[in-house]
Each structure stands twice: as C-alpha cells, then as structure tokens.
Q: 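Got a structure here, written out as structure tokens. Questions coming.
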Amino acid sequence: MMNGTELYDYFRSFPNQDKITFGRYDEDLRNANYDWFKEGTKLGFTQDYNVSVSGGSEKIRTYTSIGYYNEEGAVKDYDYSRYNFRFNVDYDVTDWLKIKPQISASRRDIMDQAPDISVFYSLLPWDSPYNSEGNLVGYRPSEWVKSTGNNHMYDLQWNFEKTLAYEVMGNLDFDVKLTDWLTFASVNSYRYISRTRKNYEDPRSRDGAGYNGNLTDKIEQSYRVYSNQLLRFNKLLDKHSISGILAYEWNSYTFTKNESTVSGFGAGFTVADAAATPRTIVGGTGRVCRAVFPGQCELCLRP
C-alpha cells in the first residue's frame with residue numbers, strides 16, 4: 001500500500017489535475033503516513049523471578065518456592081501478572097509409613113485494553129486516529145479516506161476487561177508398607193479455582209453508548225476432589241506367585257457461576273451499584289462425580 005508521499009506523487013503525475021476528486025489531495029497528504037501497527041504494538045517485556053529452597057535430613061525433605069511473573073506483551077495495553085507459591089514435604093515417619101503433603105497457590109491478574117491487531121490490516125496510512133491537536137477523533141471519523149473505517153482506539157481509551165483468578169491445590173499422600181508382600185498407597189487432592197471478570201464499556205464509547213454504558217461482572221468458582229486408594233500385593237508361595245491390585249478411585253467436580261450486566265451509569269463508574277438498569281442476571285451450578293473400582297490379579301504356577 002502506498003504511503004501519503006507516494007499517493008500524492010502518484011496524483012501529481014496525472015495530467016488532468018482539475019479532474020481529481022480525491023478529497024485529501026493536498027500538500028498535507030505527503031505527511032499522512034500513520035503507522036497503525038506502531039500504534040498497537042511495542043517491544044514485549046517479560047519478568048520471571050523464582051526463589052526456591054530445599055533441604056532436610058534422611059527422614060524428612062522439604063521444598064519451598066515462591067515466584068513472580070509479569071508480561072507486558074507485544075500488543076500494547078495488555079498486562080499479565082502471576083504470583084505462585086509451592087511447599088512440598090516428604091517425611092519417612094517410620095520404616096513402614098511415608099507421608100507426602102504438599103500445597104500450592106497462585107494468583108493471576110490480567111488487564112486488557114489491547115486493540116484488535118487484525119483490524120489494522122484494513123486501515124489506511126492516510127487516516128490517523130488523532131487530530132492535529134493530538135486528541136483522538138471519533139469512532140467513525142467523517143474526514144477519513146476510508147469512510148467505513150472504525151477508529152478502535154477511541155473506545156479503548158475507556159473500555160477494558162479485567163480478570164482476577166486464584167487457584168489453591170493441596171495433596172495429602174501417604175504410603176504404608178503393611179507386610180513384605182502387601183503395600184497400600186493413598187493419593188488425595190483438592191483443587192479450588194476462583195475467577196472474576198469485569199467488562200466495562202463506557203457510556204462515551206461507541207460500544208457502550210446504546211445503553212448509556214455497559215458493565216458485566218462474571219464470577220466463576222469450582223473445586224475438584226480426587227482420591228485414589230491402591231492396595232498392591234505380590235506374594236511368593238513356594239514355586240508359585242500371586243500378584244495384583246485392588247483400588248478405589250473417586251473424582252468429583254463442582255462449579256458455580258454468576259453473571260450480571262447493568263447499564264445506565266455515569267462515565268467512570270465501574271460498580272453495579274451506580275447503574276440505573278439491570279439488564280441480565282444469569283447463574284448456574286453443577287456437580288459431576290465418578291467412582292471406579294479397578295482390580296487385577298495374576299497367578300503364576302510353576303511345575
């Protein structure tokens with residue numbers, strides 16, 4: 001695609017200058033070389049820090065880690081942060097009992113005011129989202145060459161989507177040596193996830209103008225319980241042997257979700273209490289459970 005200088009020089013090459021009807025054909029066109037991708041992208045920058053400590057003795061071993069991650073992506077106005085923690089213990093209580101508790105937790109923050117980069121492929125370098133004074137022009141500027149083009153930067157000066165998520169997971173595992181030929185292993189875990197998402201459309205924006213602002217709050221919570229109890233045996237009977245497993249597995253998943261959308265509020269208010277009109281309220285809950293009783297036995301007879 002030609003930039004402003006190339007387009008101006010192209011029109012100047014026409015012998016019938018008085019017949020040109022292009023409205024932007026003047027000296028200012030030479031400087032109309034707006035870089036849309038420069039507006040929406042930048043050099044991405046990430047930070048990743050992690051501190052871990054491990055140690056112990058012959059009977060007990062521990063591991064602890066704390067981490068922080070931040071990403072400012074190559075698309076402008078998208079920020080992602082994560083905090084995480086982990087603690088593990090392996091404890092040989094006796095020669096027949098070993099326990100392995102562990103816990104981990106994380107928090108994620110996402111602030112999204114990023115433009116849709118795919119839209120920039122359809123915009124022209126002769127059209128700028130800013131006027132001569134450096135202020136953003138409207139959502140669909142009448143002075144643009146592409147009359148059907150939309151200035152997506154206009155809405156993004158106010159609109160945003162914000163996400164906050166927590167995740168906690170804990171395990172209490174242990175192994176028991178009942179005899180030389182019989183062992184029992186237990187794996188038990190619990191995982192909890194909470195996620196809140198806020199989508200704000202300012203009443204001054206094109207997306208929010210129809211309802212005098214839109215504010216959507218979504219809350220999702222879920223937890224998963226998993227348990228596996230495994231009895232393993234391997235017994236020699238003279239020249240013969242018998243081996244196998246008996247197990248019980250339980251897996252359950254429970255979730256709830258609630259979402260509300262309100263409208264009719266003043267610019268800058270980001271809480272539902274400030275709105276005049278509740279538009280939609282939806283919610284739901286559910287649970288899925290599964291129990292399995294696997295088993296296996298193998299008998300080996302030798303003459």
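Note that the numbering runs from 1 along the sequence shown for the chain.
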Q: Report the C-alpha separation of Tyr200 and Phe160 in whole Å, then their side-chain angles, then the decisive distance to 0.1 Å, and conclude whether the ring-ring contact (aromatic ring centres under 6.0 Å, His included) test is met.
A: CA-CA 5 Å; Tyr200 173 78; Phe160 66 85; 5.3 Å; yes
Q: Any carboxylate oxygen within less than 4.0 angstrom of a Lys/Arg side-chain nitrogen, looking at Asp175 and Lys177?
A: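 Answer for the salt bridge query: no.
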Q: Search all heavy atoms of Asn212 against all heavy atoms of Pro203 and return the closest pair with its distance.
A: OD1-CB, 3.3 Å
Q: How many angstroms lie between atom CG of Asn234 and atom CD1 of Ile242, to the nearest 0.5 angstrom?
A: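 That separation rounds to 9.5 Å.
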Q: Sort out for me which residue in Arg191, Arg195, Arg224, Arg86 forms a salt bridge (charged side-chain N to carboxylate O under 4.0 Å, His left out) with Glu167.
A: Arg191
Q: If you count the non-hydrogen atoms of other residues, nucleotides and ligands that lie under 6.0 Å from CZ in Arg232, is the total more than 12?
A: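 Incorrect, the count does not exceed 12.
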Q: Measuring from atom CD1 of Ile60 to atom OH of Tyr91, what distance do you get when rounded to the nearest 0.5 angstrom?
A: 6.0 Å
Q: Do Glu161 and Lys198 meet the salt-bridge criterion of a basic N to acidic O distance under 4.0 Å?
A: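 Salt bridge between Lys198 and Glu161, a charged N being under 4.0 Å from a carboxylate O: no.
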Q: Answer yes or no: is there a side-chain heavy-atom contact under 4.5 Å between Tyr68 and Ser81?
A: yes
Q: Any non-hydrogen side-chain atom of Glu71 less than 4.5 Å from a side-chain atom of Tyr69?
A: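 Glu71 reaches Tyr69 side chain to side chain.
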Q: Dump the intermediate steps for side chain to side chain donor-acceptor pair (under 3.5 Å) on Gln113 and Tyr78, then the final yes or no.
A: CA-CA 6 Å; Gln113 285 185 284; Tyr78 181 88; over 6 Å; no
Q: Please determine whether residues Tyr83 and Tyr80 belong to a single hydrophobic cluster, defined as Ile, Leu, Val, Met, Phe, Trp and Tyr linked transitively by side-chain heavy-atom distances below 4.5 Å.
A: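 Different clusters.
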Q: For Ser186 versus Phe184, what's the shortest heavy-atom pair and its separation?
A: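 Minimum heavy-atom contact is CB-CE2, 3.9 Å.
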Q: If the threshold is 4.0 Å, N to carboxylate O, is there a salt bridge linking Arg290 and Glu249?
A: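 Looking at Glu249 together with Arg290, the answer is yes, because their closest N to O distance falls below 4.0 Å.
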Q: Going by heavy atoms in the side chains, are Ser104 and Phe87 under 4.5 Å from each other?
A: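 Heavy-atom side-chain distance check fails, nothing below 4.5 Å.
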Q: Evaluate Asp112 against Asp77 for side chain to side chain contact (heavy atoms under 4.5 Å, CB included), listing each step before the verdict.
A: CA-CA 6 Å; Asp112 186 3; Asp77 299 318; over 6 Å; no
Q: So do the side chains of Glu298 and Ser243 get within less than 4.5 Å of each other, counting heavy atoms only?
A: yes
Q: I'd like to know whether CZ of Phe293 has more than 12 heavy-atom contacts from other residues, nucleotides or ligands below 6.0 angstrom.
A: yes
Q: Same cluster or not: are Tyr121 and Leu123 linked, directly or through other Ile, Leu, Val, Met, Phe, Trp or Tyr residues, by side-chain heavy atoms under 4.5 angstrom apart?
A: yes
Q: Does any part of the side chain of Val176, heavy atoms only, come nearer than 4.5 Å to the side chain of Thr183, both counted from C-beta?
A: no
Q: Find the distance between OG (Ser205) and CG (Asn159) and round it off to the nearest 0.5 Å.
A: 4.0 Å
Q: What are the two closest heavy atoms between Leu236 and Ser241, and how far apart are they?
A: CD2-CB, 3.7 Å
Q: Any link between Leu237 and Leu182 through a network of hydrophobic side chains (Ile, Leu, Val, Met, Phe, Trp, Tyr) touching at under 4.5 Å?
A: yes
Q: If we count only N and O atoms by modelled type, under 3.5 Å, do the side chains of Ser263 and Thr277 hold a donor and an acceptor together?
A: no
Q: Yes or no on salt bridge (Lys or Arg N to Asp or Glu O under 4.0 Å) for Lys257 and Glu220, after CA distance, side-chain angles and deciding distance?
A: CA-CA 4 Å; Lys257 60 180 180 179; Glu220 298 173 301; 5.9 Å; no
Q: Are the aromatic ring centres of Trp36 and Tyr34 under 6.0 angstrom apart?
A: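 Ring centroids of Trp36 and Tyr34 are less than 6.0 Å from each other.
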Q: Report yes or no: do Ile110 and Leu164 belong to one cluster of Ile/Leu/Val/Met/Phe/Trp/Tyr joined by side chain heavy-atom distances under 4.5 Å?
A: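 Shared cluster, no.
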Q: Which heavy atom of Asn188 sits nearest a heavy atom of Asp173, and at what distance?
A: N-OD1, 3.1 Å
Q: Would you say Thr196 and Asp217 make side-chain contact, with heavy atoms under 4.5 Å?
A: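 Side chain of Thr196 against side chain of Asp217, heavy atoms only: no contact under 4.5 Å found.
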Q: I'd like to know whether NZ of Lys76 has more than 12 heavy-atom contacts from other residues, nucleotides or ligands below 6.0 angstrom.
A: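 Above 12, so yes.
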Q: One pair to check against side chain to side chain contact (heavy atoms under 4.5 Å, CB included): Asn258 and Val282. What are the steps and the verdict?
A: CA-CA 6 Å; Asn258 296 282; Val282 295; over 6 Å; no
Q: With a 4.5 Å limit on heavy-atom distance, are the side chains of Arg279 and Asn214 in contact?
A: yes
Q: Does Arg302 offer a backbone N or O that forms a donor-acceptor pair with the side chain of His240 under 3.5 Å?
A: yes
Q: Taking CZ in Phe269 as the centre, count heavy atoms belonging to other residues, nucleotides or ligands within less than 6.0 Å. Is the count above 12?
A: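 Counting neighbours around CZ of Phe269, 12 or fewer heavy atoms of other residues, nucleotides or ligands fall under 6.0 Å, so no.
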Q: Does Asp48 use its side chain to pair, donor to acceptor, with the backbone of Asn70 at less than 3.5 Å?
A: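 Side chain of Asp48 to backbone of Asn70: no pair is present.
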Q: Taking everything shown except Tyr211 itself, do over 12 heavy atoms lie less than 6.0 Å from its OH?
A: no
Q: Go through it in stages, so that I can follow the logic: the residues are Gln102 and Lys100, the test is side chain to side chain contact (heavy atoms under 4.5 Å, CB included), and I'd like the CA-CA distance, side-chain angles, deciding distance and then a yes or no.
A: CA-CA 7 Å; Gln102 59 179 275; Lys100 298 175 287 185; 5.8 Å; no
Q: Centres of the Tyr223 and Phe255 rings: under 6.0 Å?
A: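 Between Tyr223 and Phe255, the centre distance exceeds or equals 6.0 Å.
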Q: For the OG1 atom of Thr64 and the CD1 atom of Ile103, what is their distance to the nearest 0.5 Å?
A: 11.5 Å
Q: Kindly check if the number of other-residue, nucleotide or ligand heavy atoms within 6.0 Å of CG (Asp180) is above 12?
A: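 For Asp180, atom CG is not crowded (no more than 12 foreign heavy atoms under 6.0 Å).
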Q: To the nearest 0.5 Å, tell me how far Asn150 CG sits from Asp116 CG.
A: 11.5 Å
Q: As a quick check of understanding, evaluate side chain to side chain contact (heavy atoms under 4.5 Å, CB included) for Thr216 and Glu259, giving each step before the final call.
A: CA-CA 7 Å; Thr216 300; Glu259 181 176 334; 3.7 Å; yes
Q: Nearest heavy-atom pair of Asn171 and Met169: which atoms, and what distance?
A: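 Taking every non-hydrogen atom into account, OD1-CG, 4.3 Å.
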Q: Do the charged groups of Arg61 and Asp92 touch, with an N to O distance under 4.0 Å?
A: yes
Q: Quick one: closest heavy-atom pair of Leu136 and Asn151, and the distance?
A: CD2-ND2, 4.2 Å
Q: Determine whether Leu97 and Leu231 fall in the same hydrophobic cluster, where Ile, Leu, Val, Met, Phe, Trp and Tyr are linked whenever their side-chain heavy atoms lie under 4.5 Å apart.
A: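 Yes, same cluster.
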Q: Looking at Asp155 and Arg206, would you say the former's side chain and the latter's main chain have a donor-acceptor pair under 3.5 Å?
A: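 A pair under 3.5 Å: yes.
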Q: Ignoring hydrogens and angles, state whether a donor on the side chain of Arg107 or Asn84 is under 3.5 Å from an acceptor on the partner side chain.
A: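 No pair is found: no donor N or O on one side chain lies under 3.5 Å from an acceptor on the other.
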Q: Hey, what do you get for CZ (Arg108) to CD1 (Ile193), rounding to the nearest 0.5 Å?
A: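 So the CZ of Arg108 and the CD1 of Ile193 are separated by 7.5 Å.
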Q: What I'd like to find out is whether the side chain of Phe265 reaches to under 4.5 Å of the side chain of Leu215, using heavy atoms alone.
A: yes
